[in-house]
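The sequence lines fix the lettering, A, B, ..., with proteins before strands; numbering per chain opens at 1. Every value quoted in this text rests on a predicted model; they were computed, and no experiment measured them.
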Number of protein chains: 2
Amino acid sequence: MPKETFINLDPQKQARFLEVALAEFATNDFQAASITRIVRELGIAKGSVYQYFEDKLDLWLYLKNHCEQVKRAYIEAVHREAYADFWSYYQAVYANGVHFDLENPRCSQFLFRVGFKESSPQVQPYLNSWKEQAQSIFVQWIEQEQVAGTFRRDLPASIIAHFMVTMSLSVASLMHENYGVDFERNLTEGKPLFGADAEALQHAVKNLVQLLRAALKPQ
Amino acid sequence: MPKETFINLDPQKQARFLEVALAEFATNDFQAASITRIVRELGIAKGSVYQYFEDKLDLWLYLKNHCEQVKRAYIEAVHREAYADFWSYYQAVYANGVHFDLENPRCSQFLFRVGFKESSPQVQPYLNSWKEQAQSIFVQWIEQEQVAGTFRRDLPASIIAHFMVTMSLSVASLMHENYGVDFERNLTEGKPLFGADAEALQHAVKNLVQLLRAALKPQ
DNA sequence: ACAATTTGTGACCGGGTGGTCATATTTTTT
DNA sequence: AAAAAATATGACCACCCGGTCACAAATTGT
């Protein structure tokens with residue numbers, strides 16, 4: 001939890017602090033991320049950081065919580081009832097996830113790191129939470145589809161959920177490998193992660209959905 | 001490249017050095033891995049390391065190359081011609097990959113880190129090579145199967161390859177999440193990565209193949 | 001206007017790092 | 001046995017880190 005000093009801070013300064021801190025933690029491990037670099041970039045004294053947060057871990061937890069909230073808002077804006085079948089719903093959720101990426105590239109990259117790249121022992125206890133959340137949401141969806149008879153029932157929902165989550169998250173690297181999208185460059189140039197390649201993305205997702213459909217329909 | 005001093009080193013000492021260095025780099029980022037810890041563990045002087053290798057990066061590259069060679073030997077021991085259909089071949093390759101895991105847990109964990117967790121800028125240029133190799137091998141397989149009519153032809157081989165590689169590699173985390181296999185504990189206790197859970201693994205791979213089959217057969 | 005409180009500061013601390021090099025030890029050659 | 005070459009050593013260097021704290025500045029309350 002941030003200290004009151006940070007909460008009471010001028011919103012503009014608060015936003016700038018968040019921006020710079022997020023950039024640092026999006027580009028580096030917990031261990032490798034440097035408070036010194038953050039304050040140098042911000043042009044403030046190092047002591048200030050410790051007026052705002054207890055320590056490095058406290059700051060990291062705040063950033064994680066913040067980004068998760070932002071992302072959740074995007075996802076929860078899509079409602080299953082509004083879609084005729086699961087796959088159109090899935091694509092809508094995915095599209096909103098991409099909007100999140102486009103509009104909050106640093107958040108997106110940070111969460112990606114937390115979910116997949118991070119291995120610093122100091123944050124180990126806090127790593128799996130959101131992955132488990134995503135997994136359990138998928139399990140609920142899948143069980144409903146299995147009952148409705150649109151998904152195969154010969155495999156446990158938890159297994160199917162694992163593969164769906166994995167594939168969904170892999171689209172980013174597919175974009176990178178097969179469509180030549182350069183996330184790093186887009187980031188350093190301040191562009192959104194997917195840059196002007198929204199079309200390539202749609203194409204990739206379409207192909208992915210075709211594969212998942214075939215894999216998951218009743219055999 | 002290691003210096004001659006290391007090549008001429010007593011094989012037993014060489015092996016012990018490799019073992020300890022690999023454990024360090026398997027458990028930590030390139031940045032976080034510590035030469036100081038390695039020499040402390042080995043009980044040798046820090047200067048010795050720099051008689052063996054140019055610098056930290058040189059050591060890392062040697063370890064990477066070594067582990068890749070070891071793994072390749074496992075994979076290339078399986079020949080396509082010896083199997084009637086692709087899926088039995090695929091399962092045999094997978095089984096050998098698991099043997100590699102079981103018999104070289106540190107190698108396996110290090111390569112996993114290099115392929116998925118690593119983000120230290122110093123090693124960035126050397127990261128993608130093996131992933132691209134795996135991908136291109138899969139593309140060749142898939143194109144052959146497409147010609148033979150056993151795989152769907154309505155999607156590009158590159159997309160299917162991404163799908164297969166991603167799903168194949170995710171089995172490890174599936175084991176962790178759904179079968180409760182604790183890689184970290186197995187490692188610290190010196191056991192092989194999959195511990196005594198070979199049965200769970202077989203089950204997971206069976207499920208994986210079922211999904212892949214359904215996704216890839218001609219629609 | 002003054003006092004009280006909150007916010008900002010940056011030199012400093014202990015600790016860790018990769019890497020060096022003059023020196024000591026061991027091995028090989030003569 | 002002596003000389004030469006190869007190998008091992010660890011104190012030391014410059015650097016960076018997270019975190020502290022006595023003090024300065026600014027804001028708020030009276």
Side-chain angles (χ1 to χ4, degrees), chain A residues 1-18 20-25 27-64 118-124 126, chain B residues 1-18 20-25 27-64 118-124 126:
Chain A
M1 292 294 106
K3 295 183 182 175
E4 280 199 13
T5 315
F6 182 73
I7 295 167
N8 298 337
L9 203 63
D10 170 39
Q12 212 162 338
K13 283 188 183 180
Q14 209 180 100
R16 170 116 180 94
F17 183 93
L18 228 133
V20 172
L22 203 49
E24 178 68 16
F25 279 94
T27 326
N28 299 91
D29 256 354
F30 177 80
Q31 292 210 53
S34 159
I35 304 286
T36 307
R37 272 199 298 266
I38 292 175
V39 300
R40 198 190 298 149
E41 175 71 26
L42 280 170
I44 66 173
K46 195 189 268 190
S48 293
V49 174
Y50 295 88
Q51 301 256 21
Y52 302 157
F53 298 91
E54 289 296 337
D55 52 23
K56 198 183 182 184
L57 179 61
D58 191 34
L59 169 56
W60 185 85
L61 284 169
Y62 174 73
L63 292 175
K64 175 165 173 281
E118 190 64 66
S119 65
S120 308
Q122 297 99 317
V123 296
Q124 200 88 38
Y126 308 100
Chain B
M1 292 294 108
K3 296 182 182 176
E4 280 199 13
T5 315
F6 182 71
I7 296 167
N8 298 337
L9 203 64
D10 170 41
Q12 211 162 338
K13 283 187 182 178
Q14 209 179 100
R16 169 116 180 93
F17 184 93
L18 228 134
V20 172
L22 203 50
E24 178 69 17
F25 279 94
T27 326
N28 299 91
D29 256 354
F30 177 81
Q31 293 210 50
S34 159
I35 304 287
T36 307
R37 272 199 297 266
I38 292 175
V39 300
R40 198 189 300 149
E41 175 71 24
L42 281 171
I44 65 174
K46 194 189 269 192
S48 294
V49 174
Y50 295 89
Q51 300 256 24
Y52 302 157
F53 297 91
E54 289 296 337
D55 53 22
K56 197 183 181 184
L57 179 60
D58 191 34
L59 169 56
W60 186 85
L61 284 169
Y62 175 72
L63 292 174
K64 175 165 172 283
E118 189 64 67
S119 65
S120 308
Q122 297 99 316
V123 296
Q124 201 89 39
Y126 309 100

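Ring pair A/Phe6/A/Tyr52 is tilted by interplanar angle, where 30° to 60° counts as tilted. Ring-plane geometry between A/Phe17 and A/Phe53 is classed as parallel, the angle between the planes falling under 30 degrees on a 0 to 90 degree scale with a further cut at 60.
The side chain of B/Thr5 sits closest to D/dT7 out of D/dT7, C/dT7, D/dG19. Taking only side-chain atoms of B/Asp55, from C-beta outward, the nucleotide of C/dG19, D/dG18, C/dT7 with the closest atom is C/dG19.
Within the 4.5 Å cutoff, the side chain of A/Gln31 has no heavy atoms near those of the B/Asp29 side chain. Residues B/Val20 and B/Glu24 form no side-chain contact, since every pair of their non-hydrogen atoms from C-beta on lies 4.5 Å or further apart. Using a 4.5 Å heavy-atom threshold, the side chains of B/Ile35 and B/Leu59 count as touching. Using a 4.5 Å heavy-atom cutoff, the side chains of A/Lys3 and A/Gln51 are not in contact. Looking only at side-chain heavy atoms (C-beta outward), A/Leu57 and A/Trp60 come within less than 4.5 Å of each other. For the pair A/Lys64 and A/Phe25, the minimum side-chain heavy-atom distance is 4.5 Å or more.
Between B/Gln122 and B/Phe30 the shortest heavy-atom distance is CB-CE2, 3.6 Å. Across all non-hydrogen atoms, the minimal contact from A/Arg37 to A/Ser34 is N-OG, 2.9 Å.
Of the two residues contacting DNA chain D, namely B/Lys13 and A/Arg37, the nearest-nucleotide position lying further toward the 5' end is that of B/Lys13.
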Please produce a list of atom pairs where a protein N or O lies less than 3.5 Å from an N or O of nucleotides 24-30 of chain C.
none

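The phosphate of D/dC16 (OP1 or OP2) has no side-chain N or O of A/Thr36 nearer than 4.0 angstrom. Remark: B/Ser34 is not in phosphate contact with C/dG16, judged by side-chain N or O atoms under 4.0 Å from OP1 or OP2.
Annotation: the span from B/Leu9 atom CG to B/Arg16 atom CZ amounts to 13.0 Å, rounded to 0.5 Å. Atoms CG and OG, from A/Asn28 and A/Ser120 in turn, are 10.0 Å apart once rounded to the nearest 0.5 Å.
Counting to the nearest Å, the C1' atom of C/dT6 and the CD atom of A/Glu4 are 11 Å from each other. Rounded to an integer number of Å, the gap from B/Gln122 CD to C/dT17 C1' is 12 Å. Taking atom CG of residue B/Asp58 and atom C1' of nucleotide C/dG18, one finds them 14 Å apart after rounding to whole Å. At whole-Å resolution of the value, CD1 in A/Ile35 and C1' in D/dG19 are 10 Å apart. When the P atom of C/dT17 is taken as reference, atom CD of A/Gln31 falls 10 Å away, rounded to whole Å. Counting to the nearest Å, the C1' atom of D/dA8 and the CZ atom of B/Phe17 are 13 Å from each other. The separation between B/Asp29 atom CG and C/dG16 atom P is 19 Å, rounded to whole Å. Nucleotide D/dC17 holds its C1' atom 13 Å from the CG atom of A/Asn28, rounded to whole Å.
Heavy-atom distances under 4.0 Å link DNA chain C to A/Ile44, A/Ala45, A/Lys46, A/Gly47, A/Ser48, A/Gln51, A/Tyr52 of residues 38-52 of chain A, given in residue order.
Contacts of B/Ala33 with the nucleic acid, taken as non-hydrogen atoms under 4.0 Å apart, involve only primed sugar atoms and P, OP1 or OP2.
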Can you give one letter per nucleotide of nucleotides 24-30 of chain D, going 5' to 3': B for a protein heavy atom under 4.0 Å from the base, S for sugar-phosphate only, - for none?
-> -------
